[in-house]
*Asks:* 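Pasting a structure here, questions to come.
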Amino acid sequence: MSGSAIPGTTPAPAASAETAPERRAERGAWWRGAAIYQVYLRSFADGNGDGIGDLAGLRARLPYLAELGADAIWLNPWYPSPMADGGYDVADYRDIDPVFGTLAEAEKLIEEAHSLGIRTIIDIVPNHGSVEQEWFVRALAAGPGSPERERFWFRDGRGDLPPNDWRSIFGGPAWTRVPDGQWYLHLFDPGQPDFNWDDPEVAAEFHDVLRFWLARGVDGIRIDSAALIVKDFDSPTGADGDLDGVHEIYRGWRRITDSYEGRILIGEVWLPDQERFARYLRPDEMHTAFNFDFLGRAWDPRELRASIELTLATHVPIGAPPTWVLSNHDVPRPVTRYGRQVTSFSHADRRDGVPSDPVLGERRARAAALLALALPGSAYVYQGEELGLPEVDDIPGELRQDPIWTRSGHTVPGRDGCRVPLPWSGQEPPFGFGTGKPWLPQPASWKDLTAEAQAADPGSMLSLYRQALRIRRAELGDGVLRWLEAGEDVLAFTRESGLTCVVNLGPDPVRLPPHGAVLLASGPLDGDRLPADTAVWLRTG
Ligand code: GLC
Ligand code: CA
């Protein structure tokens, strides 16, 4: 492949252009091509000096997000919570945790974001609540056989053994025993008891919660662990998720969402089987779902091309827009991930401890950003991705808060390394995050990665994201792509506007198409050649 040319603009077969008829009305809808910025509130910006990010901090930084080019923000759970799992253990679905602020502040945030053209997406957790949630407290008190226990999965054990052998996704058994001898199910932490969706009260409660937030102006709902909520106790695989009953539940959610204008449902659906995945995106179910297949692929031309083709083949026939995700609060940061020489990556297999080359990782993460942001559909940017933050791997054990760390017997570090508070400005911690000591320590080396330092540097990751999002808003987003013939180490495609994206994933430079003007490049070009691990956006049309 050395020095091979990319022969101009010979079109390969198009990915298809037809939109399913039921979906025609959605054409041009904001969410089909949105760039959505994920806010991990606890680590975004601290407004009151207690070292924990909050709504005041976020509201003060909304102009940063407007300047970055975010069309929407998605906030991880902000509800009252004992924080057994970073707030994914919800104690009250209709309020805000005091550490983050108040309901009135949340309403102000939604309004202020709207005035800057930014929509707000919140996170709803239907699979489980919290041990401090009123329903669970009442179920414990009411005892075995009570209707209160029917809202959860309480069962008798097998002697001293749990009711069955289901395992928690965070490690250890999925059952915890209560003082009267019964056990309750928790697919995650014991602090997160699973709801029983066979009980009609559970469905009714969540319908009401949806209305509560939609009436307050939220534009979208991210549905946590969406495929897991229905269980079959009598089947050994009955907790593996994706049981057929889930779809009727989300149809009900869709009817509610559709009764407000322009609101959407986004599924967190981790399913390797694309045919099963696509069922969640039927026209009367969710609007979109995160693309974890793309996120899980190694920096390899065959892997990434296969993922893009699979994604398009899954979404195009049903007319749902694909999504492109490079990171979130559950996975190692891209700069670190792509700096590792590994073939693939999955939710369960984090590759922690595998050495990573930071220079290579950054190069690839920059190129990956231009790839992901040029693809048709909506795109997610997880806070700090736009700053090129690496995974922090030296957090002292006693400061780690992810339950994965404790439940794995301190063998799996967990997800704290991608949740470290953002560096905003200055030369030393807390880097403008707030005035107090941040809840997780920030590396001293982040002085070069602050938003302030990067805003002043046209070659920074932040500048790259700002420019890419600006161009994207003007001419990318929803639509189709046309592959261009290129070498096997190169991904090249053109979008409707005539913008061509070329990514070199091979070891050697390749020649660029002759008639393109460079709009944006992830790294320096070598004359008319695109170096290894570099991406470029060209104007060819
Ligand atoms: C989702 C969330 C993750 C959380 C889990 C349990 O996967 O993204 O952070 O731990 O659900 O709620
Ligand atoms: Ca705070």
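Each ligand, and each atom within it, is numbered from 1 in the order the structure gives. If you're wondering where the values come from, they're calculated on a predicted model, not measured in any experiment.
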*Asks:* Would you mind naming the N, O or S atom of Asp54 nearest to the Ca ion (ligand 2)?
*Replies:* OD2

*Asks:* Could you check whether the rings of Phe154 and Phe152 sit parallel, tilted or perpendicular, using 30° and 60° as the cut-offs?
*Replies:* perpendicular

*Asks:* Using 30° and 60° as the class boundaries, would you call the ring planes of Trp270 and Phe292 parallel, tilted or perpendicular?
*Replies:* parallel

*Asks:* Would you mind finding which of Gln192, Glu268, His186, Arg222 brings a heavy atom closest to atom 7 (O) of ligand 1?
*Replies:* Glu268

*Asks:* Give a yes/no verdict on a cation-pi contact between Arg400 and Trp405, requiring under 6.0 Å between NZ or CZ and the six-membered ring centre and an angle within 45° of the axis.
*Replies:* yes

*Asks:* Under the 6.0 Å and 45° cation-pi test, does Arg42 pair with Phe100?
*Replies:* no

*Asks:* Okay, side chain of Arg407, backbone of Gly171: is any donor-acceptor separation there less than 3.5 Å?
*Replies:* yes

*Asks:* For Arg415, take its heavy atoms, then give the atoms of ligand 1 lying under 4.0 Å from any of them.
*Replies:* 3 (C), 4 (C), 9 (O), 10 (O)

*Asks:* Would one find an N or O of Asp85, backbone or side chain, under 3.5 Å from an N or O of ligand 1?
*Replies:* yes

*Asks:* Using a 3.5 Å distance criterion without hydrogens, assess whether the side chain of Arg32 forms a donor-acceptor pair with backbone atoms of Ser378.
*Replies:* no

*Asks:* Please state which option from Phe188, Tyr40, Phe290 has its nearest heavy atom closest to atom 5 (C) of ligand 1.
*Replies:* Phe188

*Asks:* Regarding Arg61 and the six-membered ring of Trp424, is the cationic atom NZ or CZ under 6.0 Å from the ring centre and inside 45° of its axis?
*Replies:* yes

*Asks:* Give a yes or no on whether the backbone of Gln383 and the side-chain of Gln38 come within a donor-acceptor separation of less than 3.5 Å.
*Replies:* no

*Asks:* Using a 4.0 Å cut-off to any heavy atom of Arg419, which atoms of ligand 1 qualify?
*Replies:* 9 (O)

*Asks:* Just one of Phe195, Phe170, Trp197, Phe188 clears the ring pair (Phe, Tyr, Trp, His ring centres under 6.0 Å) bar with His128, so which one?
*Replies:* Phe188

*Asks:* Run the numbers for me: atoms of ligand 1, each under 4.0 Å from some heavy atom of Phe170, listed by number.
*Replies:* 10 (O)

*Asks:* Under 3.0 Å from the Ca ion (ligand 2) - does any N, O or S atom of Gly57 fall there?
*Replies:* no

*Asks:* Which of the atoms of ligand 1 are close to His128, meaning less than 4.0 Å from one of its heavy atoms?
*Replies:* 6 (C), 12 (O)

*Asks:* With heavy-atom distances below 4.0 Å as the criterion, list the atoms of ligand 1 near Asp330.
*Replies:* 2 (C), 3 (C), 7 (O), 8 (O), 9 (O)

*Asks:* Closer than 4.0 Å to some heavy atom of Ser225 - which atoms of ligand 1 meet that?
*Replies:* 1 (C), 11 (O)

*Asks:* Rounding to 10°, state the angle centred on the Ca ion (ligand 2) that links OD1 in Asn48 with O in Ile52.
*Replies:* 150°

*Asks:* To make sure I understand the geometry: which N, O or S atom in Asp46 is closest to the Ca ion (ligand 2)?
*Replies:* OD1

*Asks:* In Asp50, the N, O or S atom nearest to the Ca ion (ligand 2) is which?
*Replies:* OD1

